[in-house]
Student: 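Got a structure here, written out as structure tokens. Questions coming.
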Amino acid sequence: MPELPETETIARDLDGALRGAVVRSVEVVRSDVLRGEAPGRSRRSAAALAAEVADALTGAKVHGVSRRAKSVVIAFGTVCAGGQVEGLHRLVVTPRFTGALLIDGTPDDAYTCLRLDLADGRSLRYHDVRRLGTLALLGPSAFEAWEMALGPEPLDPALTPERFSGIIRGSSRAVKSILMDQKRLAGVGNIYANEALWRARIRPTRRGERVTRVQCALLLSELRAVLSESIALRGTTFRDYRDAYGGRGGFAARLQAYGRAGEPCSRCGDALSATHALEGRQTVWCRACQS
DNA sequence: AGGGGAACCCGTACGC
DNA sequence: TGCGTACGGGTTCCCC
């Protein structure tokens, strides 16, 4: 389940590997992962979208690869006669649970949804077993609309403790739900919400409006710490996540809360509690030292 | 505004 | 062993 550190890892690898590469041919194998206006939107005619993607990407040049929220953004431009890049559009890839962007060297199989063959002989595949991930090809205005609807990036220095505190304290919902609400804060999912709250000693069910400013400042710094540490170890492979070379992330062994229900809290030794009652998602915390 | 539930998928785990 | 079924997991969308 790629969240911010995992999609960041993929984006950094692909930016280094693909910047400047030219697409020779496009094969849409599974068109049901394609979306129109934005990732996650209900799908339009899959056949029409497949034709649009093939048409737009054939001959296109990779301008750069970046990340926003939990999505990898591949920016393409068309190479014109003069050599300059025009008609920038972006393929927004949201892998969800089992999606992966793989560069050549990984064997092809039945789960390839999209394959881009590059002029230099390499290839890039979007691979997804469950196909809950999505690919959306967005022009400049649709891309801007999608980005504008997302909350700030937790690692952006422009997100000050004051602003973060306003996000958390401005809602009566459970603080964990606020952390995971992509409209309020982008990129944080279940794993890192559990971890950040454990580190900051805040109970996941505490209402945002009842988290103090001091706790908010601590939560932001612990959130940034856990995200940065995970990026340094190329993310968390709990189960399905793979990087662009098919490799696993190294952060799973560092998790203190997620997936450790019943195990002793590494801070106080009490058994970690778990519930699914918070929006139906696995929530793990220490009753003794998180309040 | 926000909470609940369905839908999207299919490998995995389980029951019989 | 095989077959059938429940489940998970983030997000959107619809309804209350």
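Here is how names work: the chains are called A, B, and so on, in the same order as the sequence lines, proteins then strands, and each is numbered from 1. These numbers come from a predicted model, not from an experiment.
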Student: Calculate the interatomic distance between A/Asn194 atom CG and C/dG10 atom C1'; express it in whole Å.
Tutor: 14 Å

Student: Output yes when A/Arg234 and A/Asp13 qualify as a salt bridge under the 4.0 Å nitrogen-oxygen rule, no when they do not.
Tutor: yes

Student: Between A/Arg90 and A/Glu147 (salt bridge meaning N to carboxylate O under 4.0 Å), is one present in this structure?
Tutor: no

Student: Mind grabbing the angle between the end helix axes of the helix from B/dG2-C/dC16 to B/dC16-C/dG2? Five pairs an end, 10° rounding.
Tutor: 50°

Student: NA contact type, A/Asn190, heavy-atom cut-off 4.0 Å: base, sugar-phosphate, or nothing?
Tutor: sugar-phosphate

Student: According to a strict under-4.0 Å criterion, is A/Arg173 in side-chain N/O contact with OP1 or OP2 of B/dG3?
Tutor: yes

Student: To the side chain of A/Gln182, which of B/dT12, C/dT11, B/dC9 is closest?
Tutor: C/dT11

Student: Using a 4.5 Å cut-off between side-chain heavy atoms of Ile, Leu, Val, Met, Phe, Trp and Tyr, which other residues end up in the same hydrophobic cluster as A/Trp146?
Tutor: A/Val73, A/Val92, A/Leu138, A/Phe143, A/Leu150

Student: Can you tell me which nucleotide in B/dT12, B/dC10, B/dC9 comes closest to the side chain of A/Leu132?
Tutor: B/dC9

Student: Show me the protein contacts with nucleotides 6-8 of chain C, counting only N or O atoms at under 3.5 Å.
Tutor:
| unit_1 | atom_1 | unit_2 | atom_2 | d |
| --- | --- | --- | --- | --- |
| C/dG8 | N2 | A/Arg130 | NE | 3.2 |
| C/dG8 | N2 | A/Arg130 | NH1 | 2.6 |
| C/dG8 | N2 | A/Arg130 | NH2 | 3.2 |
| C/dG8 | N3 | A/Arg130 | NH1 | 3.3 |

Student: I want to check something: taking the side chain as every heavy atom from C-beta on, are A/Leu49 and A/Glu52 in contact at a cut-off of under 4.5 Å?
Tutor: yes

Student: Quickly work out the A/Leu150 CG to C/dT11 P distance and round it to whole Å.
Tutor: 10 Å

Student: The side chain of A/Tyr258 is closest to which nucleotide in this list: C/dG10, B/dG2, C/dG9?
Tutor: C/dG9

Student: Rounded to whole angstroms, how far apart are CZ on A/Arg96 and C1' on B/dA7?
Tutor: 12 Å

Student: Which sits closer to the 5' end of DNA chain B, A/Ala174 or A/Arg131, going by the nucleotide each is nearest to?
Tutor: A/Ala174

Student: With a cutoff of under 4.5 Å between side-chain heavy atoms, which Ile, Leu, Val, Met, Phe, Trp and Tyr residues group with A/Tyr111?
Tutor: A/Val129

Student: Could you state the CG-P distance from A/Leu34 to B/dC9, rounded to the nearest angstrom?
Tutor: 12 Å

Student: Within the pair A/Lys183 and C/dT11, is there a side-chain N or O less than 4.0 Å away from OP1 or OP2?
Tutor: no

Student: List for me each residue that meets salt bridge (charged side-chain N to carboxylate O under 4.0 Å, His left out) alongside A/Glu209, sequence neighbours excluded, and say none if there are none.
Tutor: none

Student: Whole Å only: how far is the CZ atom of A/Arg68 from the C1' atom of C/dT11?
Tutor: 16 Å

Student: I want to check one thing: is the phosphate of B/dG11, taken as OP1 and OP2, less than 4.0 Å away from some side-chain N or O of A/Tyr111?
Tutor: yes

Student: Among the nucleotides B/dG2, C/dG10, B/dC10, which one has an atom lying closest to any side-chain atom of A/Phe97?
Tutor: C/dG10

Student: Which pairs with one or both residues in residues 246-261 of chain A pass salt bridge (Lys or Arg N to Asp or Glu O under 4.0 Å), sequence neighbours excluded?
Tutor: A/Arg260-A/Glu263

Student: Give the rounded distance in Å between these two atoms: CE of A/Met180 and P of B/dG2.
Tutor: 16 Å

Student: Rounded to whole angstrom units, what separation is found between the CG atom of A/Asp181 and the C1' atom of C/dT11?
Tutor: 11 Å

Student: A/Arg239 has an atom CZ; how far is it from atom P of B/dC10, in whole Å?
Tutor: 16 Å

Student: So, A/Arg125 and A/Asp108, do they make that salt bridge, N to O below 4.0 Å?
Tutor: yes

Student: For A/Arg30, report the nucleic acid contact type (base, sugar-phosphate, nothing); a contact means any heavy atom under 4.0 Å.
Tutor: nothing

Student: C/dG10, B/dG2, C/dG9: which one has an atom nearest the side-chain heavy atoms of A/Gln282?
Tutor: C/dG9

Student: Remember a base hit wins even if backbone is also touched, and classify A/Arg184 as base, sugar-phosphate or nothing at under 4.0 Å, heavy atoms.
Tutor: sugar-phosphate

Student: Report, as yes or no, whether the 6.0 Å neighbourhood of atom CZ on A/Arg122 holds more than 12 heavy atoms from other residues, nucleotides or ligands.
Tutor: yes

Student: Regarding A/Glu8 and A/Arg12, does a basic nitrogen lie under 4.0 Å from an acidic carboxylate oxygen?
Tutor: yes

